[in-house]
There are 2 protein chains.
Amino acid sequence: MKNITPNFTPASVNCDECPIKDRAVCAYCEKSEMALLEAMKSYKTYAAGDPIIFAGDRMVFVGSVVTGVARLSQTMEDGRKQMVGLLLPSDFVGRPGRSYSAFDVEATTDVTLCRFERKPFEKLLSDIPNLRERMLEMALDELDAAREWMLLLGRKTAREKIASLLTIIARRQNSTATVSKNDITFDLNLTREAMSEYLGLTLETVSRQINALKKDGVIRLEKKRQVHVKDFARLLAETGDDADGGFLA
Amino acid sequence: MKNITPNFTPASVNCDECPIKDRAVCAYCEKSEMALLEAMKSYKTYAAGDPIIFAGDRMVFVGSVVTGVARLSQTMEDGRKQMVGLLLPSDFVGRPGRSYSAFDVEATTDVTLCRFERKPFEKLLSDIPNLRERMLEMALDELDAAREWMLLLGRKTAREKIASLLTIIARRQNSTATVSKNDITFDLNLTREAMSEYLGLTLETVSRQINALKKDGVIRLEKKRQVHVKDFARLLAETGDDADGGFLA
DNA sequence: ATGTGACCTTGATCTATGTCAAATTTTTTG
DNA sequence: CAAAAAATTTGACATAGATCAAGGTCACAT
């Protein structure tokens, strides 16, 4: 259980033995089981926009995101689409114990996946206690994140939704690094459309609200996908969330 | 892994040794570990409307619902409230690995909880592989459910939301029993307000849409909280979900 | 450097759902 | 059983965000 970041963000690990060092990747490479996992591992890359798997497809691989951003989503018959997971480096892809994917997975930017065949991975899952423990922790963290997302979808205004998404992205990019609350800059690796799918809005509303936040001085935009926040607390105040972020006793 | 219902509904177990026999309860009573768990168990009841734990409270117990309906929810500073979990018998309450509750839990009807102290339960969790395996499976199932809920909150119309909620409740009550698609009757153990919190609507909209479905002959109401569905497929068609429920190859 | 397509912005209008308020029905309680 | 309380329905009206329709901007390929 060492090396795992404690909280709402998905568990991530710096794995010295990993081919790609110094990077949050493949949270499963416990030193002791390294050989096993190492043997099973394969990497695959996807171009921005490519599908990784469709809902209903047979799920041959599971794995985790090494670089880039992928998204989990659900589409209704008439085309309405809702993102239900945003997968950043170290996030797990796939569902051990199920043979078919329940959701679409697409590459949002170029993506590298560290993959394991599902069947042998499931075998390891029952053989290696550590692995199961980590999977449980990750699943529980994702569940908490999903529940916050539900509050966002069900009750927040468009402006609050945008502010919330910006803080989520800001936090995940500056995660271990800058915890200082001021002068944060980050890249939005998402189109307005992807944001609208995340937030349950239309892309027009996303555009309007981003520009409203800009006009009100809450954010500044260098390029259309690069955000400056001079006063993070100010942005936080726009999210509608509890000021203390749930850390009251 | 025996005795566990395979799919989207939370894992449930009929445990012969349980004080309360013949009932989906305490999914953790593996025969072999029975003595341990039995010793730790305590039951507590809550009256309809009672809080079970508040967000931010120290979490002393975890456990599972034995009878009744409880709900997990999140409240914003200004009172906006979103349900993020509906807990029926056999559902787990609490989050091993966290000392404080992230959500409010309230009894919707009278509720009996089968409780374990969190600390010793966490100890068992690392000692008993089976237990961890079940917890993982339950967490993953809940995650899938949460993601479908996100689609509902983000993209469905009020009418679709109501129809979806009705099918969810119908299915969970008639779960193992009537899989026949016709002439289903079930109790809505939820007030219009609770439904509105589930669906991200106001109670007025819930009332109007329920009566619209009634007027259109999709459902019939005996009492205000008892629903008759003569043609389940008809109701399903109103949910906006894929006709086959995700069971295409 | 110019054209082409993807992405983003902006405006005008529409509509589903929220809000506020008041009946009506059902349940609970003394 | 009567009265009070709680839950539900219904109506009139307001509005946030959707929809439809241009137009603008940017990156990249020819």
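Heavy atoms only: backbone and side chains are in, while hydrogens, waters and symmetry mates are out. In what follows, every chain begins at residue 1, and chains take the letters A, B, ... in the order their sequences are listed. Keep in mind that what you see is a predicted model, and the values were worked out from it rather than measured.
- As judged by a 4.0 angstrom heavy-atom cut-off over every strand, A/R159 is placed among residues making no nucleic acid contact.
- Rounding to whole angstrom units, CG of residue A/L203 and P of D/dA21 are separated by 16 Å.
- Rounded to whole angstrom, the span from the CD atom of B/Q226 across to the C1' atom of D/dA7 amounts to 17 Å.
- Set against C/dT9, D/dG17, D/dA7, the side chain of A/K224 has C/dT9 as its closest nucleotide.
- Test A/K156, A/R159, A/K161 against A/E238 for salt bridge (charged side-chain N to carboxylate O under 4.0 Å, His left out) and you get one pass: A/R159.
- No option in A/L166, A/D183, A/T167 other than A/T167 meets the side-chain contact (heavy atoms from CB on, under 4.5 Å) test with A/F232.
- In this structure, A/K223 atom NZ and D/dA27 atom P are separated by 7 Å, rounded to whole Å.
- A donor atom on one side chain and an acceptor atom on the other are found under 3.5 Å apart for B/T202 and B/T205.
- The nearest whole Å value for the distance from the CG atom in A/L188 to the C1' atom in C/dC7 is 13 Å.
- A/R208 places its CZ atom 9 Å from the P atom of D/dA18, with the value rounded to the nearest Å.
- Residue contacts for A/R80: at a heavy-atom cut-off of 4.0 Å it reaches no nucleic acid atom on any strand shown.
- Regarding A/I210, its CD1 atom lies at a distance of 15 Å from the P atom of C/dC7, rounded to whole Å.
- Nearest to the side-chain atoms of A/L201 among the listed nucleotides D/dG17, C/dT17, C/dT19 stands D/dG17.
- In the set D/dG17, C/dC20, D/dT9, C/dC20 carries the atom at the smallest distance from any side-chain atom of B/E204.
- Contacts of B/G200 with the nucleic acid, taken as non-hydrogen atoms under 4.0 Å apart, involve only primed sugar atoms and P, OP1 or OP2.
- Phosphate contact (OP1/OP2 of D/dT8, side-chain N/O of B/R225, threshold under 4.0 Å): present.
- Within the 4.0 Å cut-off from OP1 or OP2 of D/dA18, at least one side-chain nitrogen or oxygen of A/T202 is found.
- In this structure, B/R192 places its CZ atom 19 Å from P of C/dT24, rounding to the nearest Å.
- Cation-pi geometry between B/R58 and B/Y100 is met: under 6.0 angstrom from the ring centre, within 45 degrees of the axis.
- A straight line from CG of A/L152 to P of D/dG17 spans 12 Å, rounded to a whole angstrom.
- Contact annotation: A/T205 side-chain N/O to D/dA18 OP1/OP2 distance is under 4.0 Å.
- Of all non-hydrogen atoms in A/I169 and A/D187, the two that sit nearest each other are CG2-O, 3.9 Å.
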